Amino acid sequence: MDGAMRTYRNDEKEGAVSDTGYITADGRQIGGTLMELRNITLKFGGVVAIKDISFDIREGEIRAIIGPNGAGKSSMLNIISGFYTPSEGELWYKGAKRPPMKPYEVARMGIARTFQNIALFEGMSVLDNVMTGRLTHMKAGIASQALWWGRARDEEIANRAVVEKVIDFLEIQAIRKTPVGRLPYGLKKRVELARALAAEPSMLLLDEPMAGMNVEEKEDMSRFILDVNDEFGTTIVLIEHDMGVVMDLSDRVVVMDYGKKIGDGPPDEVRNNQDVIDAYLGVAH
Amino acid sequence: MLNDIFIKPFIDMVEAPDFLLQVLWEGLVSGILYALIALGFVLIFRSSRIFNFAQGIMVVFAALTLVGLHAMGVPAWICVILTLGVMFLLAVTIERVVLRPLVGQPDIILFMATIGITLFLIGLGEIIFGGENKVMITEELGIPTDSVVLEPWGGLLILEQKDITAVIVAALLVVALLLFLNKTRMGRAIRALGDDHQAALSVGISLQQIWVLVWFIAGIIALVTGIAWGARAGVSFALEVIAYKALPVLMLGGLESITGAIIGGLLIGMMEKLFEIYWGQPLLGGNTETWFAFVLALIVLLFRPQGLFGERIIERV
Amino acid sequence: EGLSTPNLAYRTGPFAATGIPLMNGQADYMAMLNARDGGIGGIPIDFFECETGYSTEKGVECYEKTKSNAIVSQPWSTGITLQVLPKTNVDQIPILASGYGFSPMADGKVFHWAFNTPLSYWDGASIILKYIKEMGDLSGKKVAFLHLDHPFGKEPLPYLEMKAESEGFELLPIPVGLKEMQNQSAQWLQVRRERPDYVIMWGWGAMNAGAITEAVKTKFPMDKMLGVWWSGHDADLRLVGEDGKGYKSVSWSFPNSDAPVMADVKKLVVDAGKSQTSPEEMDGVFYSRGLVISAILAEGITVAQEHAGKPDISPADLRWGLENLNLTQARLDELGLSGMVPPFSTSCANHTGHSGGWILEWDGAKFVKASDLIMPESEAISELETAKAREYAEANAPWPVNEDCQM
Amino acid sequence: MLYRTAGQFKTSYQADQALFPVRQDAVLLAIILAFAWGGLPLLASEFAFQTLLIPILIYSLAALGLNLLTGFAGQLSLGTAAFMGVGAYACYKMVTLMPWMNPVVAILLSGGFSAGVGVAFGIPSLRIKGFYLAIATLAAQFFLVWLFEKWGWLYNYNASGAIQVPNLTMFGIYVSGPQADSRVQYYVVLAVVMLMTWMCINLTRGTLGRTWKATRDMDIAAELIGINLMRSKLTAFAVSSYVVGVAGALFVFMWRGAAEPNLFDIPLSFRILFIAIIGGLGSVMGNYLGAILIVGLPVVLGTVPEALGIPISSATVEHLNVMIVGALIVFFLIIEPHGLARLWALIREKLIIWPFPH
Amino acid sequence: MLDAGRTETLLEVNNIEVIYNHVILVLKGVSLSVPLGGITALLGGNGAGKTTTLKAISNLLHSERGEVTKGSIVYRGERVQDLDPAALVRKGVIQVMEGRHCFGHLTIEENLLTGAFTRRDGKAAIERDLEMVYDYFPRLKERRKSQAGYTSGGEQQMCAIGRALMSRPETVLLDEPSMGLAPQLVEQIFQIVKAVNEGEGVSFLLAEQNTNVALRYAHYGYILESGRVVMDGLAADLRENPDVKEFYLGMSDDGRKSFRDVRSYRRRKRWLA
Ligand SMILES: Nc1ncnc2c1ncn2[C@@H]1O[C@H](COP(=O)(O)OP(=O)(O)OP(=O)(O)O)[C@@H](O)[C@H]1O
Ligand SMILES: Nc1ncnc2c1ncn2[C@@H]1O[C@H](COP(=O)(O)OP(=O)(O)OP(=O)(O)O)[C@@H](O)[C@H]1O
Ligand SMILES: CC(C)C[C@H](N)C(=O)O
Ligand SMILES: [Mg+2]
Ligand SMILES: [Mg+2]
């Protein structure tokens, strides 16, 4: 199991920005290390949700995290986005050790995410929801906003243009002005993605973006994820239970079980890993 | 200055321990009464996440009905039963007319609705009973009215028997409620309802039934509170304002905790009295009881956002 | 139709208990005049109430609502009086605040439109202190001043503070918030701790009953507790009955069931079913005081009508009438009010009259007179009045001052 | 077919973001404004100014302030009245300490003080949520009212313990105090309220507004997408308290003429909360509808028995009034929990597709 | 396998229409029937109206401001759409809601016990069923004392199903049991559904996105799109339908498509002519 994986690991030189990267099966060039998690442990009171896990995420890759329910996948994502602070371990981002940060500071560093249980702003229209994704790019002062003049107005228009692009890209033009509370689940997931994309993140964390979707919708979603990765070179961390999706989309997969890492490597390798089959897949997929 | 704040009050306390005891006792008694009101709140909150602002007016209403019936010449114990009947009708009406159509609405809407109920009951009560202060039928109910005079350290400590009765009744009530909530089928259903309406409905818990039950129990508590408080200060609509005191008690104790309501009540009752007597009156011009409880609760919440005994707020994404 | 005389009453809320008997007395007197004499000077009195609940906010609303045709307004609260006071110069309607309001209103040169006949709060405080002094020296004593934390309760403070200094007693103000009226345990703990020699009480509404029951409970000697005239309500004392024996309250009115006016009211109003009162209430201090207040107003109207030479008087006419009251003992007897109020008279410069008052004492079942008529110390008071009135005028500039008033 | 939005296409984002993208709305508003500035002052009586027009405007503004905090930023506040009080007392102190000050400027500045106090009491919102947060605002409510009562300096040691509005002039005309004319006061209030409303609309539809709404709808998610919750909540407290403070200053200076601490007690807070909720949380227009209802209703109810010639005592009328207001609150909550503004929106939706049912 | 034609019909939904908030028309005439002892699947994309249909049956629409404006719902020959949810539970119809909806502050065991709220057959019987549920879901037994709010997604789903079983239902309306669950668990849960169906004779109407699994376990299926039933048939038949294969099972003519290859433009569904 280790042999193949070592090729991808980057734990030799502390804090090194990058080594050469690798080339994926379908011929894409993956860059150096963007983020590295080192010996992360997370405890809630007595419960150990994550136990000493290390892995890295490289620039431009689609990195999947899989594992049974309660394995600690979402918690891992929460650590990356600063919502949980690990009890132990370090997090390196773009070659520097990341100090403890508030979630909003993390978001401002270019890390955007979606949520397992949709976390849209139900009281707002789709457009407004997506616009919130751009809040990190808007700087106008309160006076300017109150008067709707100068910087505030210019920003509003400029950012609206960006948002419209995202809306076009995700094909949700028709529901632009609908309050999100009324949307069906699948569209909500898409709006959530739009909100994350609007931030133009360098790293995108997706927590079960395709749960509760049928195949057709999963296909759509896959297409969006691939396009984002392709067109903007966005690094993607993906948690997903649909093995078809995971195997088809991801470049490398981390497998977790009961808070421990039980596998890490390219999809083909992981799916044949006996530990993974026992703990998660049930049968080989 | 510093001396007045940090040293003198404590010297005063030690120098007149009987007086200190009296202060604590007065605080304890008012604390019990705050706690009783808070209990009514907690019960309803647990079962419906409704922040029942009307609990205060229900106390007034229950007490007025009791006294009003007695004034019509009805024997005291029959008055109690009839009043319970009225409280039951009130519960049924509130459930039918207000709560049922508002199922599933945001908390604040239901909160507002209970303020609407409060106004309605104030108006109705004043029309039926008139606005004057009335005397609680303490003796008729068989509550002893003498006072017990103790002389600790050669000082003086006056305990009213009706206050002692109130303390005992409150304690019994709390134990009964705790048993009911934690050990019975209905109690479990009440707690379930508080967590998730929809899910409770889906397993066949009848909102209507539970709400009527809960509001009725709150009505019983209101009557007990009304008797206890009325015996102390007479019955009138001014009683309604003590309901505000139940708010910090609730917050301090935790909105869904019976134990919290009681402990919060006692704590606030005693602390505010101590503060008023030893700091408020000498240093701040008095009357600090209007806000002390709130500030105290606020400070506690800063350290425990769910109150001392509240359920931990589950925050996950 | 008739002479519009609105009354900003309260029959509801925590102050209703003390308000109702007064309002009933007032209304019944006017109803009696309407029934007996067809009103005053042949014109009926349109006496009607606007409910304030003793809330200043509501009261000001009521004042605005009822002022259009009114020839007088009776705010029934010191707080409301203070708030409508600045408006009186614009609206030019007299304010009749019998036995309450801002004490410097006595100065008619400054307060052209306001009247607090027949006695002001400073007068009341002065009478109480005089009475206490009769029982023994004040200097070195501690006097607690238990008062409603409201303009009403704070009103006597300037005078009491002045006296505390001159007489050498320690004044201990103990405020009772509106929300604590019924639960005064903190205040009475303070009384217990401070052990004052006397408690002077400026209470109203539910505060009275609260204070008296607490006093009984904490075993404060009842005869050392003295209240203003609004704290001497029979029903409040009846709550404690025998235990309240010795409690005192100053008063400028006294019930007299044998007075002719009572017979008229009983016959023409009560028995005719036009009254909301009860026999028990009619014998009480407050009902008769309400009656007296209406009688004072009626007398003002009569005087004004004579002066104006027409029954249908204007507010300005009524002001003249109220400034020229001369209720001699003879006139009082003529009105059938014998023994119910001391004689007094007003003038352009003196809007109060300073009638003097009796100390009443609770004997376990009713209030009885415990003293002869005691007069306030007018000199010191009027000095203070003038000073405070000027101060007020300055703070509210532009404020017209009428220096031409003759004494 | 009157309310047709079809055919009104927007060709630029700017046009789409205009205040009134639908032409009919703009026309309606223009009519209302023309009426408010020109029509009403001619028609209305002194009574109407004092009991309806001026209070409705002021209450609307206060409710708008509260709505920014509770409806837009999701922070429940039960202390509105106290913050109004801060505005009123600040204004009083300013004009008595600096009598040369222009009263309108003083009113606008006084909001700054309540903003400051609002932020102070808003700090706990960073940790405390939902109903628990109500305790912070209640603490403000009770503490501040107590302070207004105990701190003599605030009311210049007046005998009454109340603040009494002095006669103040602007361009030689009395705008406040007993000498001021209702009509003048109405115009001042109308101008201030309009200005504030316009600014609030701008704030709520822009960046700050979205920040607030995100905080309201799901604060955890908001923080995770890059919103600084502390800033979001505290700006909400600041802006809201500012508006509320200005409303408080108007309340006393342009309407009541005097105020004792009790005026700012909790019933007023509730009243404003009613207006905001009945009007519609998260709506600007709703505050006006709510204020019209809550302020207008008792006035109308008060005249009914008289009009019908039913002899009821004034006390009973008062009680019936309280009862009916209570019942109506429940009634309106039931027919549309999201307030009159939502009701209006629904009607609009129906109008747009009219005459088709769906 | 059950033959829909021959068994008794338990539940019948006739041409119902549902409107939310008085304006949003969601179901536009849906009819379906559930046979006794069968597993019936309700398939369809997001927002098709599956949840709405289930809630219409169990009368849970009311609290979401939705109402059935047309059509009828008949259970064992009796019109049930005006009953309250509790009455329906007593009749043996219980819903497991989408998104699990466990009582977060109650322990797992307390959650299960609330399921027996409507039962009147005594403590012992309830105790026995509790053991039965623990037998089906051993994982729940391990976590019986944990607050449900802190358990994982899969455990919560088990808890919700177990809770429904505690009411001794005749029919369970199961909304998206597979959502968010790991593949192994999905299989496991469906196995349990099958076991309960066969062992206890409970009928299931289940709404699912995961067509693949659903059609493997169900006997009969309905496909719902935009508030209308667009297709129905025996599960086995549906599995072979080319449209279902393409759009719901993700199969192209040569086996399973890769999600990487979906970028090409999609075909229109045949039934949306
Ligand atoms: N805030 C929290 N407090 C206490 N325990 C928590 C908290 N968040 C997560 N846990 C626990 O940590 C463990 C991991 O949870 P996590 O949500 O990360 O799982 P997951 O892998 O995302 O599972 P799923 O696939 O079901 O989403 C679980 O046992 C969960 O109960
Ligand atoms: N409470 C509501 N108010 C308004 N519209 C609603 C409401 N609930 C659902 N809808 C709308 O009804 C339609 C059908 O929703 P429903 O939840 O029944 O779909 P579903 O088939 O269960 O979808 P999913 O697979 O996402 O669960 C959707 O368009 C949804 O937006
Ligand atoms: C009778 C009342 C007017 C007395 C009242 N307490 C006051 O304000 O003075
Ligand atoms: Mg997860
Ligand atoms: Mg669904």
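Basis for what follows: all heavy atoms, side chains included, without hydrogens, waters or symmetry-related copies. Not measured: the values here are computed from a predicted model. Proteins come first, then strands; the chains are lettered A, B, ... in the order of their sequence lines, and each starts at number 1.
- Proximity to chain D (any heavy atom under 4.5 Å) is shown, for C:Glu391, by neither the backbone nor the side chain.
- Summarising the geometry of D:Glu260 relative to C:Gly79, their closest heavy-atom pair is OE1-CA, 4.3 Å, with the distance given to 0.1 Å.
- For chain D, the nearby part of C:Pro175 is the side chain; its heavy atoms alone come within less than 4.5 Å.
- Contacts between C:Lys154 and chain D at a heavy-atom distance below 4.5 Å involve the side chain alone, from C-beta outward.
- Chain C forms more heavy-atom pairs under 4.5 Å with one residue of D:Glu46, D:Gln179, D:Gln50 than with any other, namely D:Gln179.
- Only the side chain of C:Lys58 comes within contact range of chain D, with heavy atoms under 4.5 Å apart.
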Item checked: Test side-chain contact (heavy atoms from CB on, under 4.5 Å) applied to D:Phe47 and C:Glu64, step by step -> CA-CA 8 Å; D:Phe47 179 78; C:Glu64 294 290 344; over 6 Å; no

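- For the set C:Leu82, C:Thr88, C:Thr81, the entry with the most heavy-atom pairs within less than 4.5 Å of chain D is C:Leu82.
- If you measure heavy-atom distances from D:Phe142 to chain C, the contacts under 4.5 Å come from the side chain alone.
- Only the side chain of D:Asn262 has a heavy atom closer than 4.5 Å to any heavy atom of chain C.
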Next item on the list: Under the side-chain contact (heavy atoms from CB on, under 4.5 Å) rule, what do D:Lys150 and C:Asp149 come out as? Steps first, then yes or no, please.
Entry: CA-CA 10 Å; D:Lys150 297 284 166 193; C:Asp149 204 2; 3.5 Å; yes

Next item on the list: List the steps, then state whether side-chain contact (heavy atoms from CB on, under 4.5 Å) holds for D:Arg256 with C:Gln83.
Entry: CA-CA 9 Å; D:Arg256 301 244 74 129; C:Gln83 293 213 353; 5.7 Å; no

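- With a threshold of 4.5 angstrom between heavy atoms, C:Phe102 approaches chain D through side-chain atoms but not through N, CA, C or O.
- Heavy atoms of other residues, nucleotides or ligands lying less than 6.0 angstrom from NZ of C:Lys65 number 12 at most.
- Interface remark: D:Asn156 contributes no atoms to any contact with chain C (heavy atom separation under 4.5 Å).
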